[in-house]
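To keep things clear, I will list the structure first and then write my remarks on it.
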Amino acid sequence: MSTKAHTGFIIFSSLLGILLFSLVFPGCVHNRVEGFYFIEYSGLKRELVADSRAPDQNGNDLISVNGKLSTPFYSLRQGLEIREPGRSFFIVYWADCPLDLRLKIDGEYVLVDLPNLDAREVEFRYPLDRNALFEGFKLETDVPRGSLKIIGSGVEDSFTGADFTGNPALIGHGIKVLSHTGTDRAEVLVSTDLAGPSGADILQIGMRTDSAGPLLLELKDGDGMTREMELRRPENYRQLSLYIPALGFMPGSITLHGQNTRIETFGLHKTPSVPDPVSMDFASILRYPREKWRRSEYELFRWTVEPKVLVFDFADYNTQAAFLKRLAFFVEKDGFQGRLLTNFELQELHGWNAHDYRAEDMARFFTAAEESAFVLNAEELELREILLSEGILSGDGAGGYRFHTGAVISISRESMDYLRRLFLTHEGFHGLFFTDPGYREHTARLWEGFSPVEKEFWRVFLRWRGYDPEDSYLVQNELQAYLLQQPVFRANTYFIDHTLPRMARLYPQSAGLIDELTANFPNHFEDSAAFLEEYIYSSLGLRGGDLENLKYLY
């Protein structure tokens, strides 16, 4: 037999063998999938093949295989290597039954629960490791009947969380249960099993609620840990951030109790990188563990109630002084306003244990330093860069600085816990005063309604405390913060029982004025505090002595 004839015989025999094998083992025939797509991250479409006859029964992609409902195994003709981190396999589908997703990755099979949203279209994403080889998938269910329609599949960016606002709903791996509330229910439940991206410790919940009162949050983990929290004025919030370090554990379930409340988005996110502030409520700032700080000297937050207010939590008083002490004397210390003191001049002077500054005064400070070529501390230059980055200040084109809306407040870890809460509350009211024109006007009405004796008392009191009493803005700012740093019903107690006796003893020239004030205006402090509280409660739902919009109940 010639070589050519021999070669032809071999080819014929091989083809005949393949044909006979496919007749005996029909399940091994691979059919090209036409009903849906597989698309790479780059946008390139890839061909999928099925390991058996593709189902066409009334458009249902589920068929009976070995006594259970399943799709064929859909595979790529050539496996797809995942070359970059942060990628996920995705599948878009519609189903009316519970489903499992079986993935083949690096030659091994992985079984994953798929979310079922009451016959709604869903896009599910499952994270893929860098350099993993993705080979294919199938869907299956243990129920005796059900319908499934696969719409698309492929590789996309990773996503940890859920977004129920679009169609399809987008759900990442780890969201196990979602229970939407109806008009007759007051509970929303999301159960999670989230590993999340590296460094992720912020749970963000996008929500809608018609609840008129506080919204109760109940968080639990699998080991019995529970945390209850209360969100005041939930109607003011479209997004709520919860911080794993402040909570103390990763919740396994989150329940929201409130009338007509529903979760729209849910995600696990990384803490912002330096220098971006971390948006946080006051209660969480006070609970936030120092070992989670992104810098050893301080942590920087953005107040969730008023995002234009930046909050520094400093490691100690010395660090705080390096950033803010010179600014304190320049802005508000009696006898020093407008002066840039050297470090030598400052070393024997007492600053503050907590601070507050508006954008306008910080612009004046940095402009004065620039114009006089005054050498600032490295910490003060760092503060300036933060203010510029946050848009609180900007250059004026002539070497100085313009101011915009915003403020800085600070506390220190060197203060005892009860003082940290008191100081943060006091400084928080300064932050509101700086950024809310309506609150400043409300405070001005209180001041203008005072008698000469009441006004004189506050000027003397603030001089005793080290402030410039001739600065009307400063006087009004400080009186509102001192009045509301404690609950309204304790205002008289704080001043009359504790502060005024000490003031009369240490500042004897004030004794006669104190007697006149308490004799003629015995309820001055409580009445004044109640007047101020009317505004912050009507606008923000907050009370004197308590600026925690999100409260930890236990």
Side-chain angles (χ1 to χ4, degrees), residues 282 317 328 331-335 349-356 409-412 414-433 439 442-444 446-447 449-536 542-547:
F282 273 9
Y317 292 143
V331 172
E332 58 192 14
K333 286 282 192 175
D334 190 19
L349 298 173
H350 175 66
W352 306 119
N353 292 339
H355 292 252
D356 60 272
I409 64 176
S410 78
I411 54 174
S412 167
E414 195 168 337
S415 300
M416 291 182 286
D417 286 347
Y418 84 93
L419 285 176
R420 279 170 54 79
R421 188 179 189 279
L422 176 66
F423 291 160
L424 187 57
T425 302
H426 181 101
E427 304 305 339
F429 278 110
H430 285 311
L432 292 179
F433 188 87
Y439 185 48
H442 192 74
T443 305
L446 174 67
W447 174 256
F450 281 169
S451 68
V453 170
E454 291 169 302
K455 288 183 177 181
E456 183 60 19
F457 163 77
W458 281 102
R459 293 190 184 100
V460 171
F461 171 76
L462 292 173
R463 178 179 288 113
W464 173 57
R465 302 294 292 180
Y467 299 95
D468 178 2
E470 303 307 318
D471 185 334
S472 179
Y473 182 96
L474 177 62
V475 168
Q476 292 178 36
N477 189 9
E478 291 299 333
L479 82 86
Q480 63 83 26
Y482 275 105
L483 285 168
L484 289 181
Q485 68 182 15
Q486 60 280 309
V488 169
F489 69 89
R490 291 181 183 166
N492 279 352
T493 299
Y494 172 77
F495 279 96
I496 296 174
D497 294 350
H498 301 291
T499 304
L500 298 189
R502 183 168 177 265
M503 179 180 172
R505 185 175 70 255
L506 298 177
Y507 197 53
Q509 57 267 49
S510 68
L513 181 61
I514 290 173
D515 289 342
E516 186 177 2
L517 176 76
T518 54
N520 295 318
F521 305 95
N523 213 39
H524 166 83
F525 300 104
E526 188 170 323
D527 287 346
S528 300
F531 179 86
L532 293 170
E533 188 184 67
E534 290 175 6
Y535 183 91
I536 63 163
L542 300 174
R543 297 284 192 184
D546 188 356
L547 289 178

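With respect to E470 and R463, a salt bridge is recorded, a charged nitrogen being found less than 4.0 Å from a carboxylate O.
Ring to ring, F457 and F525 are close: their centroids are under 6.0 angstrom apart.
Side chains of W352 and E332: a donor-acceptor N/O pair is present below 3.5 angstrom, by distance only.
Closest non-hydrogen pair, A354 versus E427, comes out as CB-OE2, 3.4 Å. Contact detail for A504 and S510: the closest heavy-atom pair is CA-OG, 4.0 Å. Across all their heavy atoms, Y317 and S415 have their closest contact at OH-OG, 2.8 Å. Residues A519 and P522 come closest through the heavy atom pair O-CD, 4.1 Å. For the residue pair W447 and K455, the shortest heavy atom distance occurs at O-CE, 3.0 Å.
Taking CD of E478 as the start and OH of Y473 as the end, the distance is 10.5 Å to the nearest 0.5 Å. Between the CZ atom in R465 and the CH2 atom in W458 there is a gap of 10.5 Å [rounded to 0.5 Å]. Between atom CZ of residue R420 and atom CG of residue N353 there is a gap of 12.5 Å, rounded to the nearest 0.5 Å. For the atom pair OH of Y507 and CZ of F461, the computed distance is 12.0 Å after rounding to the nearest 0.5 Å.
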Distance-only criterion, 3.5 Å: show the donor-acceptor pairs between side-chain atoms of residues 484-493 and protein atoms not counting sequence neighbours.
| residue | atom | partner | partner atom | Å |
| --- | --- | --- | --- | --- |
| Q485 | OE1 | H426 | ND1 | 2.7 |
| Q485 | NE2 | Y494 | OH | 3.2 |
| Q486 | NE2 | Y482 | O | 2.8 |
| Q486 | NE2 | L483 | O | 2.9 |
| N492 | OD1 | E526 | N | 3.1 |
| N492 | ND2 | N523 | OD1 | 2.6 |

Identify each donor-acceptor pair in which a side-chain atom of residues 528-535 lies under 3.5 Å from a protein atom, sequence neighbours left out, and give them as a table.
| residue | atom | partner | partner atom | Å |
| --- | --- | --- | --- | --- |
| S528 | OG | H524 | O | 2.7 |
| E533 | OE1 | R543 | NH1 | 3.4 |
| E533 | OE2 | G544 | N | 2.8 |
| Y535 | OH | D436 | OD1 | 2.9 |
| Y535 | OH | D436 | OD2 | 3.2 |
| Y535 | OH | Y439 | N | 3.4 |

Set out, in order, the CA-CA distance, both residues' side-chain angles and the distance that settles side chain to side chain contact (heavy atoms under 4.5 Å, CB included) for Q509 and V460, then state yes or no. CA-CA 9 Å; Q509 57 267 49; V460 171; 6.0 Å; no
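Using a 4.5 Å cut-off on side-chain heavy atoms (C-beta onward), L506 and W464 make contact. The shortest side-chain heavy-atom distance between L446 and L479 falls under the 4.5 Å cut-off. Side chains of M503 and L500 form a contact here, defined as non-hydrogen atoms less than 4.5 Å apart. Side-chain contact check for I514 versus L517: every heavy-atom pair is 4.5 Å or farther apart. For the pair I409/L424, a side-chain contact is recorded, criterion being any heavy-atom separation below 4.5 Å from C-beta on. A heavy-atom distance below 4.5 Å is found between the side chains of L513 and V453. Within the 4.5 Å cutoff, side-chain heavy atoms of F429 are placed close to those of I536.
For Q480 (side chain) and N477 (main-chain N/O), a donor-acceptor pair under 3.5 Å exists by modelled atom type.
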